Protein chains: 2
Amino acid sequence: MSLKAAMPKLSDKQQHERRTRILDAAEQCFTRAGFHRTTMQDICKAAGVSPGAIYTWFDSKEALIGGITARNRDEVLASFAAMATASDFVAGMAATLEACVLNQPRAKSVLCLEIAAEATRNPAIAAMMATFDDAVRTSLADILSRAVEEGRIKPQLPLRDLMPAMNAIAEGMFWRRAVDPAFDAAGAGRAFVAMVSAVLRPTAAGTAQKPGDAPGSAELAEQGS
Amino acid sequence: MSLKAAMPKLSDKQQHERRTRILDAAEQCFTRAGFHRTTMQDICKAAGVSPGAIYTWFDSKEALIGGITARNRDEVLASFAAMATASDFVAGMAATLEACVLNQPRAKSVLCLEIAAEATRNPAIAAMMATFDDAVRTSLADILSRAVEEGRIKPQLPLRDLMPAMNAIAEGMFWRRAVDPAFDAAGAGRAFVAMVSAVLRPTAAGTAQKPGDAPGSAELAEQGS
DNA sequence: TCATGAAAAACGAACGACCGTTCTTTTATG
DNA sequence: CATAAAAGAACGGTCGTTCGTTTTTCATGA
């Protein structure tokens with residue numbers, strides 16, 4: 001396999017660096033202007049490379065959203081896996097919400113909206129979203145049903161209905177943030193945690209009572225007006 | 001004002017008919033393929049007219065999404081105004097949810113996603129969404145604060161936080177439906193009503209108790225699993 | 001009631017600009 | 001030095017829009 005060989009390829013690390021640089025530029029452009037309004041030239045300029053360089057690493061413009069989607073999916077799944085290990089249920093949920101939604105820049109929301117719109121048309125993107133959703137759903141189902149078994153929560157209605165609703169709520173926060181810059185994500189997050197825990201009805205056993213714990217779910221008792 | 005006059009214009013009704021036919025075709029195309037992927041020729045074919053005809057009634061392709069957005073906004077606002085008159089609070093909310101989300105075809109969700117994505121870029125669309133959101137928010141605020149005053153609900157947290165959250169949830173259902181064809185909107189709707197009424201804590205006074213009333217909110221008592 | 005005609009409306013071929021991609025050439029790498 | 005990687009000009013195709021022409025519409029006056 002190496003008689004008169006000479007196969008000068010970039011090292012894995014360098015290849016990864018090239019791809020990342022291009023994906024970063026593309027993500028930035030897509031966020032700013034949307035997928036269809038950004039040209040390959042825009043991405044070239046943002047990445048500081050030529051068209052030829054991009055096509056060395058990616059087959060097409062579509063492959064770029066594909067790459068971005070995959071990258072984001074992996075990030076969120078990692079955040080999600082962490083929730084499974086949280087001891088206090090409500091606190092874990094609040095922390096995950098914070099990590100996956102509230103602490104993300106608004107630009108991320110815009111990008112997600114763009115990707116979701118694209119997914120309704122592009123089968124490749126749709127497939128990615130599907131495996132992503134599956135992973136999230138499975139993870140959430142595990143956590144919830146374990147909590148039920150251990151008597152830490154006593155849901156008011158079937159998990160089958162609850163879970164997609166929780167899913168929808170999180171996505172709604174993305175949407176709202178993307179569309180309305182004045183959206184108070186933190187306040188909505190508080191409301192979200194309050195609502196969910198109201199239907200889940202966590203028992204005393206399932207709620208950590210050490211003061212100074214539970215970052216996002218502490219001060220829920222206030223009178224409306 | 002009429003010496004040698006001659007001003008043959010289409011009647012208002014006919015003008016409206018032309019615009020409607022074109023907007024319908026455009027809406028259908030945008031839903032199927034997205035804004036940027038549908039060509040003016042596609043719309044011409046769908047409407048059975050020539051490019052010239054479209055440009056007689058609309059300035060540009062952008063003006064078409066503008067028109068569609070305005071039309072949808074007016075429809076939803078009308079549905080929303082109806083909620084204000086409902087006697088039973090929770091029932092009214094469930095009915096509105098049903099009319100504005102659940103009873104709409106999935107295609108509408110896809111279109112909304114498309115419009116939302118466009119709004120993050122196009123100032124004209126963004127402005128429309130903003131006035132729309134304002135109207136919805138005002139309407140919801142009126143209804144809720146009146147219910148509080150009359151002692152029909154006793155919210156667990158400030159309305160300021162609650163309202164955007166309700167907003168986000170409804171939009172999340174749109175998103176989810178658009179992205180995931182298998183999404184059980186009815187089940188999620190039930191969960192939504194349950195969650196919201198759990199934090200709103202409707203008093204006996206605010207809940208109609210006649211059996212056979214309250215279309216979407218009746219059977220909430222079930223044990224999870 | 002019908003013919004008239006002037007302007008609106010519709011037609012549809014063509015234009016001009018743009019954009020994703022390719023291809024040839026040059027540079028960098030191991 | 002052999003080949004991968006990057007460059008960047010150019011191509012082929014597409015699409016929103018325009019424009020000269022034809023058709024339709026309807027107030028008017030006979």
Side-chain angles (χ1 to χ4, degrees), chain A residues 1-26 29-30 32-68 118 121-122 124-125, chain B residues 1-26 29-30 32-68 118 121-122 124-125:
Chain A
M1 278 205 192
S2 59
L3 213 80
K4 47 180 115 172
M7 36 178 284
K9 263 191 189 170
L10 261 48
S11 69
D12 283 5
K13 183 164 218 119
Q14 269 171 320
Q15 293 195 13
H16 184 263
E17 186 272 333
R18 296 290 200 279
R19 274 186 225 270
T20 300
R21 161 189 282 256
I22 293 169
L23 280 188
D24 286 347
C29 291
F30 291 160
R32 190 188 310 137
F35 177 63
H36 294 281
R37 278 200 228 268
T38 79
T39 70
M40 288 306 250
Q41 287 301 335
D42 292 337
I43 300 172
C44 287
K45 204 170 296 177
V49 299
S50 69
I54 293 185
Y55 281 90
T56 299
W57 301 105
F58 297 92
D59 284 345
S60 63
K61 194 183 174 189
E62 290 224 335
L64 288 174
I65 355 166
I68 291 170
E118 194 62 22
R121 249 73 73 169
N122 187 322
I125 307 284
Chain B
M1 273 196 199
S2 60
L3 214 81
K4 46 182 112 172
M7 35 177 287
K9 262 191 191 170
L10 262 47
S11 69
D12 282 4
K13 184 163 219 119
Q14 268 170 319
Q15 292 195 14
H16 185 262
E17 186 272 333
R18 296 290 200 283
R19 275 185 225 270
T20 301
R21 161 189 283 256
I22 294 170
L23 280 187
D24 285 347
C29 291
F30 291 159
R32 191 188 308 135
F35 177 63
H36 294 281
R37 278 199 228 270
T38 80
T39 70
M40 288 306 250
Q41 287 300 335
D42 293 337
I43 300 173
C44 287
K45 204 171 295 174
V49 300
S50 68
I54 293 185
Y55 280 89
T56 299
W57 301 105
F58 297 91
D59 284 344
S60 63
K61 194 182 174 189
E62 290 224 334
L64 289 174
I65 358 166
I68 291 170
E118 193 62 21
R121 247 76 69 172
N122 187 322
I125 307 284

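Here is the naming used below: chain letters follow the sequence lines, and residue numbers restart at 1 for every chain. Treat the numbers as computed from the prediction; the structure is a model and nothing was measured.
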### Summary
Per atom distances to the A:Ala53 side chain, the nearest of C:dA9, D:dC15, D:dA6 is D:dA6

### Message
Just the rounded figure in Å: distance from C1' of D:dC15 to CD of B:Glu62.
### Response
15 Å

## Note on the structure
Rounded to whole Å, OH of A:Tyr55 lies from P of D:dA9 at a distance of 17 Å

### Integer-rounded Å distance: C:dC19 C1' and A:Leu64 CG
14 Å

### Query
So does B:Glu62 pair up with A:Arg37, basic N to acidic O under 4.0 Å?
yes

### Message
For D:dA6 and A:Arg18 - does any side-chain N or O of the residue sit under 4.0 Å from the phosphate oxygens OP1/OP2?
### Response
yes

### Query
Looking at B:Ser50, does any N or O in its side chain come under 4.0 Å of the phosphate oxygens OP1/OP2 on C:dG12?
no

### Task
Send over the distance from A:Phe58 CZ to D:dA6 C1', rounded to a whole Å.
15 Å

### Message
Taking any heavy-atom pair under 4.0 Å as a contact, classify B:Ser60: base, sugar-phosphate, or nothing.
### Response
sugar-phosphate

### Query
Of all the nucleotides listed (D:dA5, C:dA10, D:dG16), which has the minimum atom distance to the side chain of B:Trp57?
C:dA10

### Summary
The reported gap from CD1 in B:Ile54 to CG in B:Leu23 (rounded to nearest 0.5 angstrom) is 10.0 Å

### Task
Between C:dG20, D:dT17, D:dG8, spot the one nearest the side chain of A:Pro51, thanks.
D:dG8

### Query
Starting at CZ of B:Arg37 and ending at P of D:dG16, how long is that distance when rounded to a whole Å?
13 Å

### Query
Does C:dT29 have OP1 or OP2 sitting under 4.0 Å from an N or O in the side chain of A:Gln14?
no

### Task
Find the distance A:Asp59:CG to C:dG20:P and express it as a whole number of Å.
16 Å

### Message
I want to check a possible cation-pi pair here: B:Lys61 against B:Phe35, using under 6.0 Å from ring centre and within 45° of the ring axis as the test.
### Response
yes

### Query
For the atom pair CD (A:Gln41) and SG (A:Cys29), what is the distance rounded to the nearest 0.5 Å?
11.0 Å

### Query
Taking CD1 from A:Ile54 and P from D:dA7, how many angstroms apart are they, rounded to a whole number?
10 Å

### Message
Any carboxylate oxygen within less than 4.0 angstrom of a Lys/Arg side-chain nitrogen, looking at B:Glu17 and B:Arg21?
### Response
yes

### Integer-rounded Å distance: D:dA6 C1' and A:Ile22 CD1
10 Å

### Query
Which listed nucleotide (C:dG20, D:dA6, D:dG8) is nearest to the side chain of A:Lys61?
C:dG20

